[in-house]
*Asks:* 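There's a structure below that I have some questions on.
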Amino acid sequence: MTFYFSAYSTPLLFGFVQGWVYAILLWIRGRREERLSDILLGWVLVGCSLNIWEYMLGFGGIEVLWRELEFFPRTLGYLFPVLCYFYLKSQVNAEFRFSRRDLWHAVPFLVFVVYHVSVFAMGPAFVSEWEKTVHYPYLDTAEFVIGIGIDILYLYWALQLYRQYHSWIKNQFSEIDTISFRWFRNFMIAMAVTSLFNLVMTLISLAFNLNFWQDWWDELAGVALIYYVSIEGYAQVQVARRLTFRNETVPVQVPDPVLVAADAMPISTPASEAPDTPEDRTAPLLPPDLSERLANLLNYMATEKPYLDPDLSLADLARRLHTNPVLLSQVINTGTGKNFNDFVNEYRVDEFKRQVRDPATTHLSFLGLALNCGFNSKATFNRAFRKFTGTSPGEFLNELKKVA
């Protein structure tokens, strides 16, 4: 068999090879570093590669899939969105491992494979007759619709998992940029856009009866997806800490109606007496036990300044206070009305405002001061500063100069 290189076949061949090369690299790294997420991403790339190989071989003049292997399963099909979903699960929980209860996710794919292999095993003549009288008149559309439904279902589940994970990390870590997995958000967007484009091209092909050569652009979009997923996915920075998010429902903190009413009341406080620290701004109307724990927490934050540690987590702070993370989270959420991330970063912003006024720190840049106060990046600092002050660091400095 001779493969003919052309403007149609060559880009698909490059994409196919790219997908398999990076899949092997991911499998090697995943096995070496015992990282299930790399192994699953490798299979995602295999799925992307198999999605384009029919057209790649066809444009290259190799018709083995239509002659000797007609009706034999050629792609990962219904298993592909499942792999994408479990890739995210393994990213956010380093302890995740497949169990028997996860097998049901593969049932649609197994049914598909058994059906196609059973028909294929009956021989070419039977396959030809079956396609004409049964499959294409009745079952082909059903397979197509089921595939779309599975894609949408697992995309929805992945988005739900991603949102729950983001809520969870805000209550567990003071620095979340490196563990936010924005790559996976972009990965889902790329998948959704490619799938939508494929659907549009399929509908156009059906409506206008496009031939093999005209129905090519969605395959090229698949190549672009392979290059994006392989390069960005392999380069994705793996976090140092072992995340253990288990997809539990994140409790929503309901504000105490007494606190809400108190916050709504106008307060005529002289500017000179306005609170300037997180502990001053807190109104701990709590049960006695939580109120005492909140007081101890605020005192510890003011005296020991644990927020200067850029990697401070809820578990770390609980250990320092000789308590458990669940109780500490309750104290922070209920007593301050903030999640852990906002609670700590507000201290860091206030520390920055103190240090920027200190003559001993005038030799430091804004970024140097931010790092000195517990932030680990300029982007995180700018975002937190604007959130808690309503202004940018530069505008804040200009105001200080005017006062001076």
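In what follows, every heavy atom counts, from backbone to side chain, and hydrogens, waters and symmetry copies are set aside.
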*Asks:* Are any non-hydrogen side-chain atoms of L294 and L290 less than 4.5 angstrom apart?
*Replies:*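 With C-beta onward as the side chain, the pair stays apart.
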
*Asks:* Say whether, by atom type as modelled, one donor and one acceptor occur between the side chain of T362 and the main chain of P359 under 3.5 angstrom.
*Replies:*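 Yes; at least one donor-acceptor contact below 3.5 Å.
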
*Asks:* Go through the steps to decide whether I226 and S49 satisfy the test side-chain contact (heavy atoms from CB on, under 4.5 Å), and finish with yes or no.
*Replies:* CA-CA 7 Å; I226 289 173; S49 299; 4.1 Å; yes

*Asks:* Please round to the nearest 0.5 Å and tell me the distance separating atom CG of L369 and atom OG1 of T361.
*Replies:* 5.0 Å

*Asks:* Which pair of non-hydrogen atoms, one from A158 and one from F184, has the smallest distance, and what is that distance?
*Replies:* CB-CE2, 4.4 Å

*Asks:* Can you tell me how far apart CG (N51) and OG1 (T75) are? Round to the nearest 0.5 Å.
*Replies:*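 Reported to 0.5 Å precision, the distance equals 5.5 Å.
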
*Asks:* Would you say the ring centers of F120 and H116 fall short of 6.0 Å from each other?
*Replies:*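 Ring centroids of F120 and H116 are no less than 6.0 Å from each other.
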
*Asks:* Of all the heavy-atom pairs spanning W216 and A7, show the shortest one and how long it is.
*Replies:*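 Scanning both residues, the minimum pair turns out to be CZ2-O, 3.6 Å.
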
*Asks:* I would like to know whether F187 and V229 meet side-chain contact (heavy atoms from CB on, under 4.5 Å); could you show each step before the answer?
*Replies:* CA-CA 7 Å; F187 168 76; V229 173; 3.8 Å; yes

*Asks:* Are any side-chain N or O atoms of N372 and backbone N or O atoms of G368, one a donor and one an acceptor, separated by less than 3.5 Å?
*Replies:* no

*Asks:* Let me confirm one number: the CZ-CE distance from R185 to M188, rounded to the nearest 0.5 Å.
*Replies:* 9.0 Å

*Asks:* How long is the straight-line distance from CG of L50 back to CZ of R74, given to the nearest 0.5 Å?
*Replies:*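 With rounding to 0.5 Å, CZ (R74) is 12.0 Å from CG (L50).
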
*Asks:* Does D309 come within less than 4.0 Å of R320, counting only side-chain N to carboxylate O?
*Replies:* yes

*Asks:* To check you understand the geometry: which heavy-atom pair defines the closest contact between T380 and N376, and what is its length?
*Replies:*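 Where T380 meets N376 most closely, the heavy atoms are OG1-OD1, 4.0 Å.
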
*Asks:* Sub-3.5 Å donor-acceptor pair from the side chain of T334 to the main-chain atoms of Q330, do we have one?
*Replies:*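 Answer holds: yes.
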
*Asks:* Ring centres of Y136 and Y138 under 6.0 Å apart?
*Replies:* no

*Asks:* Can you label the angle between the W168 ring and the F245 ring as parallel, tilted or perpendicular, going by 30° and 60°?
*Replies:*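 Geometry flag for F245 against W168: tilted rings.
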
*Asks:* Can a donor-acceptor pair be found between the side chains of S230 and Q18 at a distance below 3.5 Å?
*Replies:* yes

*Asks:* Are any of the side-chain heavy atoms of W53 and L12 separated by less than 4.5 Å?
*Replies:*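 They are not in side-chain contact.
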
*Asks:* Got a donor-acceptor contact below 3.5 angstrom from the T323 side chain to the L328 backbone?
*Replies:*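 No, the answer is negative, given that no donor and acceptor are paired below the 3.5 Å cut-off.
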
*Asks:* First locate atom CD1 of I39, then atom CZ of R31, and finally report the distance between them rounded to the nearest 0.5 Å.
*Replies:*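 Here the interatomic distance stands at 8.0 Å.
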
*Asks:* Would you say the side-chain atoms of W66 pair up with the backbone N or O of G58, donor to acceptor, closer than 3.5 Å?
*Replies:*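 Checked: no pair found.
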
*Asks:* Could you tell me whether the side chains of D151 and S195 share a donor-acceptor contact shorter than 3.5 Å?
*Replies:* no

*Asks:* Counting the benzene-type ring for Trp, do W213 and Y8 have ring centres under 6.0 Å apart?
*Replies:*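 Yes.
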
*Asks:* Are L83 and Y154 side-chain neighbours, meaning at least one heavy-atom pair lies under 4.5 Å?
*Replies:* no

*Asks:* Shortest non-hydrogen contact from I52 to F16?
*Replies:*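 Answer, listing the atom of I52 first, then F16: CD1-N, 3.9 Å.
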
*Asks:* Answer yes or no: is there a side-chain heavy-atom contact under 4.5 Å between R293 and L321?
*Replies:*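 R293 vs L321: side chains apart.
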
*Asks:* Using only atom types and a distance under 3.5 Å, with no angle test, would you say the side chain of N341 pairs donor to acceptor with the backbone of F173?
*Replies:*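 Yes; judged by distance alone, with no hydrogens or angles, the pair exists.
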
*Asks:* Just wondering, do D177 and R383 contact through their side chains at under 4.5 Å, heavy atoms?
*Replies:* yes

*Asks:* Return yes if some donor-acceptor pair links the side-chain N/O of H135 with the main-chain N/O of K132 below 3.5 Å, else return no.
*Replies:*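 Looks like no, no N/O pair under 3.5 Å.
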
*Asks:* Under 3.5 Å, is there a donor on one side chain and an acceptor on the other for Y347 and E351?
*Replies:*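 There is no such pair between these side chains.
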
*Asks:* Might you work through the side-chain contact (heavy atoms from CB on, under 4.5 Å) test for V119 and V127, ending with a clear yes or no?
*Replies:* CA-CA 6 Å; V119 174; V127 168; 4.1 Å; yes

*Asks:* May I ask you to decide if K353's main-chain N or O and R357's side chain share a donor-acceptor pair within less than 3.5 Å?
*Replies:*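 Looks like yes, one N/O pair under 3.5 Å.
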
*Asks:* Angle class for the W183/Y228 ring planes (parallel below 30°, perpendicular above 60°, tilted otherwise)?
*Replies:*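 Aromatic pair W183/Y228 classed tilted.
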
*Asks:* Between Y234 and R29, is there a cation-pi geometry (under 6.0 Å to ring centre, at most 45° from the normal)?
*Replies:* yes

*Asks:* Check Y87, F80, W27 against W43 for a side-chain contact (heavy atoms from CB on, under 4.5 Å) and give me the one that passes.
*Replies:*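 Only one option passes, and that is W27.
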
*Asks:* Just checking, any donor-acceptor pair under 3.5 angstrom between side chains of N186 and E232?
*Replies:*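 Result is no, nothing qualifies.
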
*Asks:* Between S128 (side chain) and P124 (backbone), is there a donor-acceptor pair under 3.5 Å?
*Replies:*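 Looks like no, no N/O pair under 3.5 Å.
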
*Asks:* Just checking R67: does its CZ atom have more than 12 heavy atoms from other residues, nucleotides or ligands closer to it than 6.0 angstrom?
*Replies:* no

*Asks:* Using only atom types and a distance under 3.5 Å, with no angle test, would you say the side chain of Q214 pairs donor to acceptor with the backbone of N211?
*Replies:* yes

*Asks:* Compute whether any side-chain donor of one residue and acceptor of the other, for R348 and N345, lie under 3.5 angstrom apart.
*Replies:*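 Result is yes, a qualifying pair exists.
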
*Asks:* If you look at every heavy atom in E395 and R386, which pair is closest and at what distance?
*Replies:* OE1-NH2, 4.2 Å

*Asks:* Are any non-hydrogen side-chain atoms of I146 and P108 less than 4.5 angstrom apart?
*Replies:*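 With C-beta onward as the side chain, the pair stays apart.
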
*Asks:* Assess the residue pair F375 and N382 against the criterion (side-chain contact (heavy atoms from CB on, under 4.5 Å)); give the C-alpha distance rounded to whole Å, side-chain angles, the decisive distance to 0.1 Å, and a yes or no.
*Replies:* CA-CA 10 Å; F375 290 103; N382 287 336; over 6 Å; no

*Asks:* Can you see which heavy atom on A192 is nearest to which on L155, and at what distance?
*Replies:*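 Where A192 meets L155 most closely, the heavy atoms are CB-CD2, 4.2 Å.
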
*Asks:* Taking the inter-plane angle between the rings of F3 and F5 on a 0 to 90° scale, is it parallel (under 30°), tilted (30 to 60°) or perpendicular (over 60°)?
*Replies:* perpendicular

*Asks:* Does the gap between the ring centers of F71 and Y115 come in under 6.0 Å?
*Replies:*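 Yes - the distance between ring centres of F71 and Y115 falls below the 6.0 Å cut-off.
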
*Asks:* Taking C-beta and beyond as the side chain, do V92 and F181 meet within less than 4.5 Å on heavy atoms?
*Replies:* yes

*Asks:* Ring centroid separation for W157 and F86, is it under 6.0 angstrom?
*Replies:*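 No, they do not, as the ring centres are separated by 6.0 Å or more.
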
*Asks:* Between F352 and F366, is the ring centroid distance below 6.0 Å?
*Replies:* yes

*Asks:* How far does CG of L26 sit from CG of L40, to the nearest 0.5 angstrom?
*Replies:* 10.5 Å

*Asks:* Heavy atoms, side chains only, cut-off 4.5 Å: are S392 and F385 in contact?
*Replies:* no

*Asks:* Parallel under 30°, tilted from 30 to 60°, perpendicular over 60°: which one fits the rings of Y85 and H105?
*Replies:* tilted

*Asks:* May I ask you to check whether over 12 heavy atoms, not counting those of Y300, lie within 6.0 Å of atom OH?
*Replies:* yes

*Asks:* Given the side-chain rings of Y227 and F14, with only the six-membered ring counted for Trp, is the space between their centroids under 6.0 Å?
*Replies:* no

*Asks:* With side-chain contact (heavy atoms from CB on, under 4.5 Å) as the test, pick out the partner of Q172 among N339, L314, I179, L243.
*Replies:*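 When side-chain contact (heavy atoms from CB on, under 4.5 Å) is applied between Q172 and each of N339, L314, I179, L243, only L314 qualifies.
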
*Asks:* For atom CZ of F98, decide whether the heavy atoms of other residues, nucleotides or ligands shown that lie under 6.0 angstrom number more than 12.
*Replies:* yes

*Asks:* Counting only heavy atoms from other residues, nucleotides and ligands, does the tally under 6.0 Å from CD of E33 exceed 12?
*Replies:*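 Result for CD/E33: enclosed.
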
